[in-house]
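Down below is the structure, laid out as structure tokens.
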Amino acid sequence: MTAIRSTPKIRPDHLDRQAFVYVRQSTLFQVRENTASTARQYDLVQRAHDLGWSKAAITVIDRDQGRSGASAADRDGFQFLIAQVGLGQAGAVLSLEASRLARSCTDWHRLLEICALTDTLVIDEDGIYDPSQYADRLLLGILGTMSEAELHWLRNRLLGGKLARAEQGELRLRPPAGLVFDTARRLVLDPDEEVQQAVRLLFALFEQTGSARAVVQHFAEHRLLFPERLWGKARDGELLWKPLRHGRVLDVLHNPRYAGVFVYGRTQTRTRALPHETPRVKGRTRRVALADWPIVRHNAHPGYLSWEQFLRNQQRLDDNCTSRAHDRRGAVRAGAALLQGLVLCGRCGRRMSVRYTRNGTTPSYECTQVHKQQGGRTCQFIRGDGVDAAVARLFLEAIQPAHLEVSLATLAEIEDQARQAERQWQLRLERARYEADLARRRFLAIDPENRLVGRNLEKDWNEKLTAVDQLEREQAAVLARAMPPLSVAERQHILNLAEDLPALWHAPTTTAAERKQLLRFLIQDVTLTKRERVIAVAIRWQTQACTLTEVPRPPRSCDSRRTPAAVVERVRALASAHSDGQIAQRLNAEGLTSGTGKPFTAARVQWVRYAHAIASGCPEGPNRVVKSQRGDGRYSTRAAAELLNVDISTVMAWCRSGRLDGIQAKPHGPWWIVLTPEIIAELRKPVRQHWGQRSSR
Ligand SMILES: [Zn+2]
């Protein structure tokens, strides 16, 4: 000890200052498991004391436990140490080896630089170094470089080993639910039949519905649970049952291990500098595209589905993705629009969206992306009912030869679904009963004198029995709600329906979603183009073959209410010699109706004349003449005013002045006026031609 104390490198001014002992382990695992190293590091306190520092002058910095030395960022302890050294508070820095202080040359040399400036010693297990002396500085520099290189080699060796094992398919990664390692460390299907059944049900449901959400819904409706096996540590292999969540379904569907394929490198983590903050880097995990997976070993172990099925599922999931809706079909939704997600715009090629008009019953397809995103015009708006009917007709024609297979598949699907749900419940019950039985046997096996244990076991048994009871009641409730098994008559009925696919298609029990799902089996997309009189419909089948057809454009609502052209012509022919009332009578007698299907009245005829700029040439005047004529042939003031095309006040003035032959039954009563064709011809003001503005209709 005295020999060390006499070392010239440690001088009294070093001992006057603090000695900092820096303790660090890279990971929390090392902190917990590798306690020997930690203890050795704390032993440095004793070494500092032996070297002459008093206990009060020794500070341990162990804030960085569980932090990697690859960077000084996020290492508060190291930052604190640098600060203390910089302030000249440190006489020495003690660390087990250089690698504890820094695995990065930058950090290491910064520390040495500051140590040299403030005359601070660096001490490890092997020696005492003075960074201000050239030889020591050189040695420390080499140590730092070695330390960084060591980290690099370490990483390379670990990664290389991992990659080599991955290439052999021997890397032991956590298996997904439904797969387990057997005693020979081979990956096999989970021997628990209930677990297998749950996984198979998930895949079967996705196959049927094509939607991950529908799978979740089915599990929730039937109150089914999905398994999860814990991995590593004390509870390794323990089985948990949890409600199925959407993210879980996606994980399962995206996981190639279910297809018996070992894949390494499905995700990639890249570090990047975060702006705006103190120098920090952060890892970011990204999914690697299927085509770029570095290591893929087919038939590595048993699975639940084929590789082809897996790829098909990926395609379907990709199609369902709505975040990039413009180039994907999207999952089938419940609305009535048959071509939802399938329609492309024939003008610009964009995907058309669905809109429901008329109280949500009539679907329309619209191309509004330019309108929505760039403020442009709506590209196309097409009423959907006619198009849907045409596509459905073509689809039914196309599917005729295959109708038998479809019918069988439909039947099998329904039965299979019911069977699978029931099986799942049976397995759950079986497990619960087994556990209750186990608890019973445990209770019976105990010595009756051992009351304390006996009481606990009895309680356990009771709880298990309650659980069985609860499950049985739940199952009964679920079964009551579920579809009853098909009777022979019903089965025959379904068979008959399937025989005649059009009938199945039009059946009220067939939902819009089911029709759409059927349609998607055959049709890839439908392109719609609005032409002058027709809508061009181009169907691209899944086989890439195309069928072209045309649907007449539905009349605009204003057109459908318009007066028929024949009626307008009839009015034009009659107007020269008949009043509006007379024309109305003639039209009604001929069985003609207005655009809205109503009988004609004088007012309607007048409107037709007005709208089509047909002047009345009737010598008796155009309208309401008959109604306004008395038995003796005298006209009312209003009728006279209309016939003469003047104001009522003018007619009255003319009566008072004697220009017209008018009489009044009592003072202030109505005038009754004699009008003859001659008088009308003499006094009538010419008609002002104000029709022209409306004639464009
Ligand atoms: Zn368009």
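The structure displayed is predicted, hence computed values, not measured ones. We count ligands from 1, going down the list as the structure has it; atoms in each ligand are counted the same way.
The environment of CG in Asn299 is sparse: at most 12 heavy-atom neighbours from other residues, nucleotides or ligands sit within 6.0 Å.
The residues Arg316 and Asp318 are annotated as not salt-bridged, no charged nitrogen and carboxylate oxygen being separated by less than 4.0 angstrom. The pair Arg229-Asp190 meets the salt-bridge criterion, since a charged nitrogen lies less than 4.0 angstrom from a carboxylate oxygen.
Around the Zn ion (ligand 1), protein atoms of type N, O or S found under 2.8 Å number 4.
No donor-acceptor pair closer than 3.5 Å links the side chain of Tyr258 to the backbone N or O of Val199.
In this pair, Trp307 and His298 present their aromatic rings perpendicular. The plane angle is above 60°, beyond the 30 to 60° band.
For the pair Arg604 and Trp607, the cation-pi criterion (under 6.0 Å, within 45° of the ring axis) is not fulfilled.
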